[in-house]
Amino acid sequence: MKKIAVLTSGGDAPGMNAAIRGVVRCACSRGMEVYGVERGYTGLINGKLNRMDSRSVSDTIQKGGTILKTARCPEFNTEEGLKKGADVLNAYGIDGLVVIGGDGSFRGMRDLSEKYGIVCMGIPGTIDNDLGYTDFTLGFDTAVNTVLDAMNKIRDTMTSHDRACVIEVMGRHCGDIALYSGIAGGAESILVPELPFDIDEICNRMKKNIIKGKISDIIVLAEGVGSCLDVKKDIVEKTGITVRTVKLGYIQRGGTPSMQDRVLAARCADRAVTLLYEGATESRVIGIKENKIIDMPIGEALEIKKTINKEMLEMASRLSH
Ligand code: ADP
Ligand code: F6P
């Protein structure tokens, strides 16, 4: 395979630039031609492709966001949109497409590949860590570290005032950001969208914590569970405890990628390009399992449901005793 394109799609994630760089450099080092597609599937449909070389990705490894820009493109979800995308790739003579994105982006890639025979490689890029086939996605580690940094600061002020705080983190369907930041930050409670929670249990635990001498109480709440303001209101009504709220929002999506995310990006990019270089004939996604880079057919990967790690949640409860 000689000519490939790369795009980023869906929510941006730290490490996407490191992945673009990896794709461009690994491909150029093998004499392949690389095109960068602007703004995900929107740019693909509109023919926004630019030739890239090793120097196009200089000084990008440490940058958050995505130099190719990203978009959510409803048109790509239609027969017409997919055909436009395939026509553009064929017009450029592109033999393979690397898609860096999450579940939605991978569904688009699967359709493009099944309906128009375009060979694609998916690199998992989303802070949510919501793909079932891989242990980790690009951006997750950085996002959790950003949450931890905020949590440490919030803990300082909450402790000084004997207050509780509900910290709302990202994750509409997947509680991994809440789970990992909650464990690493020593949260007293972790609420995730995958499991129901009992507000009375939380309130009882908070009251017991005060008796036990805990002077601040941090509740990490994934956005998919509900609003931090609603949870605060319930706790105040039921306990009278002073509670503050912080919604961390988009700071979780930005920032310089961690070592973990940069190395994962490099390893995934190298595998994706190697598969294309060696003449892959089916579309696959790249991931990491037990610290080994894996790849599997896109259809198979999308069938694997992401689940929350209940053992880790139970452990978190013991650790907050
Ligand atoms: P993420 O990739 O981060 O999960 P989204 O769910 O927003 O982000 O999806 C990104 C884009 O992928 C969508 O705007 C759309 O262009 C495309 N997409 C999502 N689902 C499909 C689908 N089933 N078929 C074709 N394209 C899709
Ligand atoms: O998928 C990543 C994510 O950051 C989610 O955690 C969040 O719910 C969503 O994207 C926010 O999307 P938008 O950019 O449309 O506000």
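Both ligands and their constituent atoms are indexed starting at 1 by order of listing.
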Could you tell me the residue and atom name of the protein heavy atom closest to [atom], and the distance to it rounded to 0.1 Å?
{"atom": "atom 4 (O) of ligand 2", "result": "Arg253 NH1, 2.9 Å"}
{"atom": "atom 1 (O) of ligand 2", "result": "Asp128 OD2, 3.1 Å"}
{"atom": "atom 8 (O) of ligand 2", "result": "Glu223 OE2, 2.4 Å"}

Is it the case that the side chains of Ser258 and Asp141 hold a donor-acceptor pair, with the cut-off being a distance below 3.5 Å and no angle test?
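Side-chain D/A pair, Asp141 to Ser258: present.
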Taking atom types as modelled, find out whether Arg262 and Thr142 have a side-chain donor-acceptor pair closer than 3.5 angstrom.
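No, because no side-chain N or O of Arg262 sits under 3.5 Å from a partner of the opposite role on Thr142.
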Which residue is it: Ile45, Val37, Leu49? I am looking for the one with a side chain to side chain contact (heavy atoms under 4.5 Å, CB included) to Val88.
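Among the candidates, only Leu49 passes.
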Check contact between Thr126 and ligand 1, using heavy atoms of the residue and a distance below 4.0 angstrom.
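Heavy atoms of Thr126 never come under 4.0 Å of ligand 1.
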Tell me whether Lys289 at atom NZ has more than 12 heavy atoms from other residues, nucleotides or ligands lying less than 6.0 Å away.
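Enclosed: over 12 neighbouring heavy atoms sit under 6.0 Å from NZ of Lys289.
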Judged on heavy-atom distance to atom 9 (C) of ligand 2, which of Gln252, Met170, Arg172 sits nearest?
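The option holding the nearest heavy atom is Arg172.
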Option of least heavy-atom distance to atom 22 (C) of ligand 1 (set: Thr137, Asn77, Ile100)
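Answer by nearest heavy atom: Asn77.
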What orientation do Phe76 and Tyr41 show, parallel under 30°, tilted 30 to 60°, or perpendicular over 60°?
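Phe76 vs Tyr41 ring planes: parallel.
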What atoms of ligand 2 come closer than 4.0 angstrom to any heavy atom of Arg72?
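Those atoms are 10 (O), 12 (O), 13 (P), 14 (O), 15 (O).
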Could you check whether any side-chain N or O of Glu38 sits under 3.5 Å from a backbone N or O of Gly43, counting only pairs where one atom can act as donor and the other as acceptor?
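Answer holds: no.
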Does ligand 1 have a heavy atom under 4.0 Å from the side chain of Phe76, from its backbone, from both, or from neither?
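Looking at Phe76 and ligand 1, atoms from backbone and side chain both fall under 4.0 Å.
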